[in-house]
**Q** 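One structure is given below, represented as structure tokens, and several questions about it will come after.
Hydrogens, waters and symmetry mates are skipped; everything else that's a heavy atom, side chains included, is used.
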Amino acid sequence: MACCFPKLCFINCFQGNSLLFLPNVLKVYLENGQTKAFKFHKTTTVKDIVLTLKEKLSIRCIEHFALVLEQQYNITKLLLLHEEELIQKPRLEFVAQKKDSHDYRCLFRVCFIPRDPMDLLQDDPVAFEYLFQQVTQCDYR
């Protein structure tokens, strides 16, 4: 994966797209190949999803992470999602309305690289491992 922006898209059994299959469910792709699905409401923010991922993945240094949108057919186009952004706001509304969502997927990425990765290793080995997976599994299609 080339950048730190997650992709939002609908699940299409034949093409492998999988951001939004059920109404009001967001699928987030992780670096280890897994996905996590989140039911969202009109008040759900990006931060809500990031904090839930923090708990599920046992990450302590969450300040380095963000959700990003990755364009399916142009991996160089990534959109960083602001933590206060509502999932159903105009920029993300297509996810809830299933319009063109097959072109994007939502990724959970390390977007803010620590000045000294060794500090991250000492402070949060889980976050360091996630960063390591991200930088060693780059996909430069």
Side-chain angles (χ1 to χ4, degrees), residues 1-98 100-141:
M1 297 186 188
C3 187
C4 54
F5 294 95
K7 255 186 189 179
L8 294 176
C9 61
F10 290 102
I11 296 177
N12 179 321
C13 295
F14 300 104
Q15 296 178 355
N17 297 328
S18 56
L19 252 179
L20 201 61
F21 181 69
L22 301 172
N24 296 335
V25 174
L26 174 67
K27 193 173 232 187
V28 178
Y29 289 80
L30 306 178
E31 288 302 318
N32 62 5
Q34 294 180 345
T35 58
K36 298 288 183 190
F38 297 92
K39 184 164 179 64
F40 62 88
H41 307 284
K42 64 181 181 178
T43 59
T44 303
T45 64
V46 168
K47 184 177 185 176
D48 295 331
I49 293 173
V50 169
L51 292 177
T52 301
L53 283 166
K54 172 189 176 190
E55 291 176 26
K56 287 185 176 194
L57 301 175
S58 301
I59 294 172
R60 292 192 308 264
C61 296
I62 198 65
E63 65 273 11
H64 300 292
F65 291 83
L67 291 182
V68 296
L69 293 180
E70 178 184 62
Q71 192 172 29
Q72 182 92 3
Y73 305 106
N74 182 4
I75 62 168
T76 61
K77 184 170 184 175
L78 301 167
L79 304 169
L80 179 63
L81 302 177
H82 189 276
E83 67 178 16
E84 298 303 321
E85 192 166 2
L86 294 173
I87 298 300
Q88 289 188 339
K89 275 294 188 184
R91 186 161 82 147
L92 297 174
E93 191 172 27
F94 69 88
V95 175
Q97 295 183 6
K98 300 181 181 181
D100 299 324
S101 63
H102 62 279
D103 292 337
Y104 293 87
R105 64 179 194 154
C106 186
L107 307 173
F108 182 61
R109 303 295 305 265
V110 175
C111 294
F112 310 103
I113 307 298
R115 289 182 188 255
D116 186 353
M118 292 307 293
D119 289 342
L120 182 62
L121 177 60
Q122 292 174 353
D123 296 342
D124 189 350
V126 174
F128 181 84
E129 175 66 22
Y130 199 93
L131 173 61
F132 180 79
Q133 287 179 348
Q134 182 175 313
V135 299
T136 59
Q137 296 178 28
C138 291
D139 180 6
Y140 295 106
R141 292 179 245 178

**Q** Would you name the heavy atoms of Glu84 and Thr45 that are closest together and state the gap between them?
**A** O-CG2, 3.9 Å

**Q** Between Thr52 and Asp48, what is the shortest heavy-atom contact and its length?
**A** OG1-O, 2.9 Å

**Q** How far does NZ of Lys47 sit from CG of Leu67, to the nearest 0.5 angstrom?
**A** 13.0 Å

**Q** Strictly distance-based, threshold 3.5 Å: is any side-chain N or O of His64 a donor or acceptor partner for the main-chain N or O of Phe112?
**A** yes

**Q** Hey, could you give me the CD/CE distance between Gln122 and Met118, rounded to the nearest 0.5 Å?
**A** 6.0 Å

**Q** Shortest non-hydrogen contact from Glu31 to Gln134?
**A** OE1-CA, 3.4 Å

**Q** Which heavy atom of Lys36 sits nearest to which heavy atom of Leu53, and what is that distance?
**A** CG-CD2, 3.9 Å

**Q** Calculate, to the nearest 0.5 Å, the distance between atoms CG and NZ belonging to Leu26 and Lys39 respectively.
**A** 12.0 Å

**Q** How far does CD of Glu83 sit from CD of Glu63, to the nearest 0.5 angstrom?
**A** 11.5 Å

**Q** Determine the minimum heavy-atom distance between Leu80 and Cys111, stating which atoms define it.
**A** CD1-SG, 3.9 Å

**Q** On a heavy-atom basis, which atom in Ser58 and which in Asp124 lie closest, and how many Å separate them?
**A** O-OD1, 4.3 Å

**Q** Can you classify the ring geometry of Phe65 versus Phe108 as parallel (below 30°), tilted (30 to 60°) or perpendicular (above 60°)?
**A** parallel

**Q** Would you indicate whether the side-chain heavy atoms of Tyr130 and Leu30 approach each other to under 4.5 Å?
**A** yes

**Q** State the CD1-NZ distance between Ile87 and Lys42, to the nearest 0.5 angstrom.
**A** 15.5 Å

**Q** Do Asp119 and Pro114 have side chains that get closer than 4.5 Å, going by heavy atoms?
**A** no

**Q** May I ask you to check whether over 12 heavy atoms, not counting those of Phe38, lie within 6.0 Å of atom CZ?
**A** yes

**Q** Measuring from Leu57:CG to Ile62:CD1, what's the distance to the nearest 0.5 Å?
**A** 8.0 Å

